[in-house]
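To keep things clear, I will list the structure first and then write my remarks on it.
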4 protein chains.
Amino acid sequence: MHAAQRKPRVAGTGTATSELIYEAIVTLMYERGYHDTSLREVARKVGIQVASVYYHFPSKEAMLMEVMSRTTRDLTRRTEAEVAAAGADPVARLTAAVHAHVTFHAERRKEAFLADTELRSLQPEQRTLVAGWRDRYEAAFSAILQQGFESGRFRRIDQRLALNALLGMCNEVAAWYRPSGRLTLDQIASTYADLFLNGVEMQPVVIGPER
Amino acid sequence: MHAAQRKPRVAGTGTATSELIYEAIVTLMYERGYHDTSLREVARKVGIQVASVYYHFPSKEAMLMEVMSRTTRDLTRRTEAEVAAAGADPVARLTAAVHAHVTFHAERRKEAFLADTELRSLQPEQRTLVAGWRDRYEAAFSAILQQGFESGRFRRIDQRLALNALLGMCNEVAAWYRPSGRLTLDQIASTYADLFLNGVEMQPVVIGPER
Amino acid sequence: MHAAQRKPRVAGTGTATSELIYEAIVTLMYERGYHDTSLREVARKVGIQVASVYYHFPSKEAMLMEVMSRTTRDLTRRTEAEVAAAGADPVARLTAAVHAHVTFHAERRKEAFLADTELRSLQPEQRTLVAGWRDRYEAAFSAILQQGFESGRFRRIDQRLALNALLGMCNEVAAWYRPSGRLTLDQIASTYADLFLNGVEMQPVVIGPER
Amino acid sequence: MHAAQRKPRVAGTGTATSELIYEAIVTLMYERGYHDTSLREVARKVGIQVASVYYHFPSKEAMLMEVMSRTTRDLTRRTEAEVAAAGADPVARLTAAVHAHVTFHAERRKEAFLADTELRSLQPEQRTLVAGWRDRYEAAFSAILQQGFESGRFRRIDQRLALNALLGMCNEVAAWYRPSGRLTLDQIASTYADLFLNGVEMQPVVIGPER
DNA sequence: AATGAATGAGCGTTCATTCAT
DNA sequence: GATGAATGAACGCTCATTCAT
C-alpha cells in the first residue's frame with residue numbers, strides 16, 4: 001500500500017540504526033510533538049551524529065511520513081482482518097472494529113497518537129496523501145454504521161456525528177493508556193464497544209422473549 | 001542608569017491591542033500548534049512589531065497560559081451553571097454537562113482545542129497548575145457519573161473509562177466543528193448526550209408502564 | 001531603476017550597520033566568491049552576531065542582489081552621463097564609454113567584479129532580472145559600435161565579436177587593478193580606448209592632409 | 001590489523017571511471033563554480049557513490065588541480081607549437097598566439113574557464129604552483145609584445161596594459177562561445193587578432209609605397 | 001573498484017527575547 | 001505603547017571526508 005522510503009535492511013538484526021532512529025522519533029515526537037522535537041535530540045537518543053540520521057531518512061518530514069504510512073497501514077490491516085472475521089452482523093462488526101482500533105491505539109499508542117494529531121505538520125502534498133489513507137480507513141467504520149442503520153439494528157443517529165463521536169472517543173485511548181494500567185486491553189476495548197452500542201444509561205426492564 | 005522596567009498590569013487585559021494579539025495567537029496556534037507559531041507571525045497578523053507584543057505579554061508561554069486560564073475558567077463557569085440549572089437527576093445533569101461542554105467546544109473551538117492539546121507545551125510548573133484546573137473541571141463529570149452509578153440510573157461501567165470516553169468524544173468536536181455546518185449546536189449537543197446515554201444500538205421493545 | 005530592499009537609514013552617519021555589512025559582503029565575496037563567503041565571516045568582520053545581519057538583509061542572496069543593483073545602477077548612470085557629454089562622434093563616444101566603464105571597474109573593482117562574475121549565483125528569477133539590466137547597459141556599447149560602422153568611422157568588424165572583445169578586455173580591469181599601481185585611471189582608460197580603436201600594430205606612414 | 005591504504009597511481013588517470021568523473025567535474029564546476037559543486041552531484045552524474053569518487057581522486061581540491069594542470073599543459077603546448085610555426089615576425093607570432101589561445105578557450109571552454117577563474121579556490125601552496133604555470137605561459141605573450149615594440153612593428157603601448165587587455169579579451173571567449181554559434185573558430189580567432197593589431201577605427205587613406 | 005555507514009564541521013536561517021528610545 | 005536594533009541559541013540540513021568491507 002503506502003510507499004515507504006526506507007532502505008532495505010539486513011535481515012536478522014532487529015535493531016538496525018534506521019529502526020533505532022524510528023523508535024527515537026516516535027517516542028520524542030509523541031512526548032513533545034513534531035515541531036518541538038529536534039533531530040539533535042533524536043541523534044543523541046540513538047547515540048549517533050545528526051548527519052548520520054540523514055543517511056537513513058532524507059528529511060524530518062520523511063520521518064513523520066514513515067510513522068504515518070507504517071501506522072496507517074498496520075492499523076488498516078488489523079482492523080480489516082478483525083472486522084472480516086466478525087461475520088455479517090453490524091453489532092459484531094462494530095465490536096470488532098472498536099476492538100481492533102482501540103487495542104492498536106493502546107499497544108502502539110505513540111505512533112497512533114502521532115498519526116491522529118500531526119497531520120497538520122505535513123506539507124500540503126503529503127498531508128493530502130495521508131488524509132486520503134485516513135479517509136479510506138474511516139470509511140470502513142462508516143460502512144458498518146450505515147449497515148446497522150439500514151438493517152434496523154442501530155438507531156437512526158446522524159451518521160457523521162456518530163462516526164466522529166466513536167473515533168474521537170477511541171482515538172483518545174492513545175493519549176491516556178499506560179501499559180501498567182489496571183485494565184487489560186480486551187477489557188478496555190469491550191467496554192468501549194459496549195458503551196458506544198448501549199450507552200451508559202440503565203435501560204428499563206424488558207418483558208417478553210429474550211433477545 | 002537602568003531604565004525602570006515596566007510590565008503590563010495583567011497579562012493580555014485591557015487595551016484593544018492586547019485583545020487583537022490574543023485573537024491572533026488563538027487562531028495561529030489552533031492552525032499550526034504552539035511550537036510552529038512564531039511571534040513574528042503573530043505580530044504580522046496584528047500589524048505591529050515583534051517587540052511590541054512584549055509590551056502586552058511577558059513571554060510566549062504566558063500567551064498560551066492566558067488561553068489556558070481564560071478557556072478553563074469560562075468553560076468551568078458555563079458547565080457549572082448549566083449543570084446546576086438541571087436539577088438533581090443524573091441523566092438531566094449529564095445531558096446539561098455534555099451540552100455545555102460540547103457547545104463551548106464548538107463556539108470557542110480554537111481556544112478549547114488549544115486547552116485540550118497544548119498542555120505539554122507548558123513548562124512543568126505551569127503545566128501542573130493548568131492540569132489542576134482540568135482535573136477539578138473533570139471531577140464534575142466524574143461526580144455525575146458517580147451519582148448515576150450509585151442511584152442505579154447508570155449501568156455499572158468502569159468510571160474512569162466512561163469519563164475518558166465521554167470527554168474524548170466531546171473534545172473532538174473542537175477539531176471538526178465548523179460554524180457553517182448543517183447541524184445546530186443544540187442538535188449536536190443533544191445527539192452526543194443521547195449517544196452516550198443510550199448508545200447506538202436499537203433496544204428491544206419495552207412492555208409495561210412508560211418511563 | 002533597480003529596486004533596493006534596504007531600509008532607509010538616518011542621514012549623516014556614513015557607517016550605519018547596513019553599510020558596514022554591505023562593505024564586508026563586497027570585500028569578502030570579491031576575495032572568495034559568493035559561495036565561499038559565509039555570513040558568519042561577514043558578521044565577524046562587522047563585529048556583530050549572525051542574527052543581526054538578518055535584521056538588515058533578508059537573505060544572503062538579497063545581499064548579492066544589493067551589490068548587483070547598486071553597481072549596475074551606478075555604472076549605467078556614469079556611463080550614460082559620460083557618453084552623453086561626448087557629443088555625436090562615434091570615436092569620442094566610444095572613448096567616453098570606455099573611460100567610464102574602465103574607471104568604474106577600477107574604482108569600484110570589487111563590486112564591478114561581483115556584478116560581472118556572480119550572475120550565476122542568483123536564483124533564476126533574480127538572475128533574469130539582473131541579466132536584463134546588463135543587456136540594457138551593453139546595448140549602449142552596441143549602439144556606439146553600430147553608429148561607427150554605419151558612419152564609416154569604424155571598420156566592418158563583426159559587431160557581436162567586437163562588443164565581447166571590448167567588454168572582456170575592459171571588465172578584466174577589475175581583476176588586476178590596484179589603487180597603488182603606477183598608472184592613473186585616466187591613463188589606463190585612454191590606453192584601453194586607444195588600443196581598441198587603433199590596435200597595437202604600427203600603421204604605415206600617412207601622406208596627405210592631417211586627420 | 002590496519003588495512004593497507006591504497007591510493008590511485010596518478011590522480012584521475014587511467015580508468016574510464018576516472019575520466020567520467022573528470023568530465024563531470026569540469027561540467028559541473030563550469031556551470032556552478034567550485035564551491036557550489038558538491039561531490040554528491042558529481043557522483044550522481046557519473047552514476048556511482050560518493051565514496052567511490054575517492055578511489056580516483058584524493059580530494060576535491062585535487063580534482064580542481066587536475067583541471068588546472070591538464071589545461072595549462074595543453075594550452076601551453078598548443079600555443080608554443082603554433083607560435084613556433086609562425087616564424088619570426090611579431091605580427092605573425094601574435095596572430096598565431098591569439099589563434100591558439102582563442103581556439104583553445106573555445107574548444108575546451110569549460111576547462112579554460114575554470115583555469116582562468118578558480119585559481120582562488122586553491123589552497124595557497126597549490127595556488128602558487130598554478131600561478132607559476134600561468135605566469136610562464138603569459139610570458140610568451142609578453143615576449144611577443146616586447147619583440148614587436150623593439151622591432152618597431154608595434155606602437156609603444158604600456159606592455160603590461162596591452163598584455164592584460166589582450167588576455168582579458170581572449171579569455172572571455174570561454175564564457176560566451178557556443179559550438180553551435182554562427183562563426184567558425186578560425187573566424188573568431190582571426191577577428192580577435194585583427195582587432196588587437198589594427199583596432200576598430202578606420203585608418204586614413206595611405207598614399208605611397210605599399211607596405 | 002566500489003560502497004554502506006558514519007562523522008564533525010559548518011551552512012543559511014529563524015527563534016524568543018531584550019532594551020534603549 | 002510601540003519600535004529599531006541587537007543577541008545567543010538553536011534549527012534542519014549539507015558538506016567533504018573516512019574506512020571497513
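Order of the sequence lines fixes the chain letters, A, B, ..., with proteins taken first and strands second; residue numbering starts at 1 for each chain. Computed from heavy atoms alone, side chains included, the values below leave out hydrogens, waters and symmetry copies. In this text the structure is predicted, and so the values were computed from the model without any measurement.
D/Arg120 meets the salt bridge (charged side-chain N to carboxylate O under 4.0 Å, His left out) test with C/Glu118; sequence neighbours excluded. For D/Leu119, the side-chain contact (heavy atoms from CB on, under 4.5 Å) criterion is met by D/Leu122, D/Arg127, D/Val130, D/Ala131, not counting sequence neighbours. B/Lys60 meets the side chain to side chain donor-acceptor pair (under 3.5 Å) test with no other residue; sequence neighbours excluded. Partners of C/Thr128 according to the side-chain contact (heavy atoms from CB on, under 4.5 Å) rule, which considers only residues two or more places apart in sequence or in another chain, do not exist here. Applying the ring-ring contact (aromatic ring centres under 6.0 Å, His included) criterion to C/Tyr34, with sequence neighbours excluded, gives no partner residue. The side chain to side chain donor-acceptor pair (under 3.5 Å) search around D/Arg108 returns D/Asp74, D/Glu111, not counting sequence neighbours.
A close approach under 4.0 Å does occur between a side-chain nitrogen or oxygen of C/Tyr55 and OP1 or OP2 of F/dA5. An OP1 or OP2 oxygen of F/dA2 is reached within less than 4.0 angstrom by a side-chain nitrogen or oxygen of B/His56. Phosphate contact (OP1/OP2 of F/dA5, side-chain N/O of C/Thr17, threshold under 4.0 Å): absent.
Spacing between atom CG of C/Leu20 and atom C1' of F/dA5 amounts to 14 Å, rounded to whole angstrom units. In this structure, C/Leu64 places its CG atom 15 Å from C1' of E/dG12, rounding to the nearest Å. In this structure, A/Ile21 atom CD1 and E/dT7 atom P are separated by 10 Å, rounded to whole Å. In this entry the distance linking CZ of C/Phe57 with P of E/dT13 reads 13 Å, nearest Å. Computed from coordinates, the B/Tyr54 OH to E/dT18 C1' distance equals 9 Å when rounded to whole Å.
In this structure, the side chains of D/Leu20 and D/Lys45 stay at 4.5 Å or more apart for every pair of heavy atoms. Annotation: side chain of A/Ser52 is not in contact with side chain of A/Thr17 (no heavy-atom distance under 4.5 Å).
Nucleotides of DNA chain F nearest to A/Ser59 and D/Ser59 differ in position, and the one nearer the 5' end is that of A/Ser59.
A salt bridge (charged side-chain N to carboxylate O under 4.0 Å, His left out) check over residues 26-43 of chain C, counting only residues at least two apart or in different chains, returns the pairs C/Arg32-C/Glu41.
Here the side chain of B/Ser69 pairs a donor or acceptor atom with the backbone of B/Glu66 at under 3.5 angstrom.
With pairs defined as Watson-Crick or G-U wobble and both atom distances under 3.5 Å, the stems of at least three pairs that touch DNA chain F come out as E:2-21 with F:2-21.
In the region residues 26-40 of chain D, proximity to DNA chain F at under 4.0 angstrom, judged on heavy atoms, holds for D/Thr37, D/Ser38, D/Leu39, D/Arg40. Heavy-atom distances under 4.0 Å link DNA chain F to D/Val50, D/Ala51 of residues 41-53 of chain D, given in residue order.
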Can you give me every donor-acceptor pair (side chain of residues 23-30 of chain B, partner residue at least two apart or in another chain, under 3.5 Å) with its distance?
| from | atom 1 | to | atom 2 | distance (Å) |
| --- | --- | --- | --- | --- |
| B/Thr27 | OG1 | B/Glu23 | O | 3.1 |
| B/Thr27 | OG1 | B/Lys110 | NZ | 3.3 |
| B/Tyr30 | OH | B/Arg109 | NH1 | 3.0 |
| B/Tyr30 | OH | B/Ala174 | O | 3.1 |

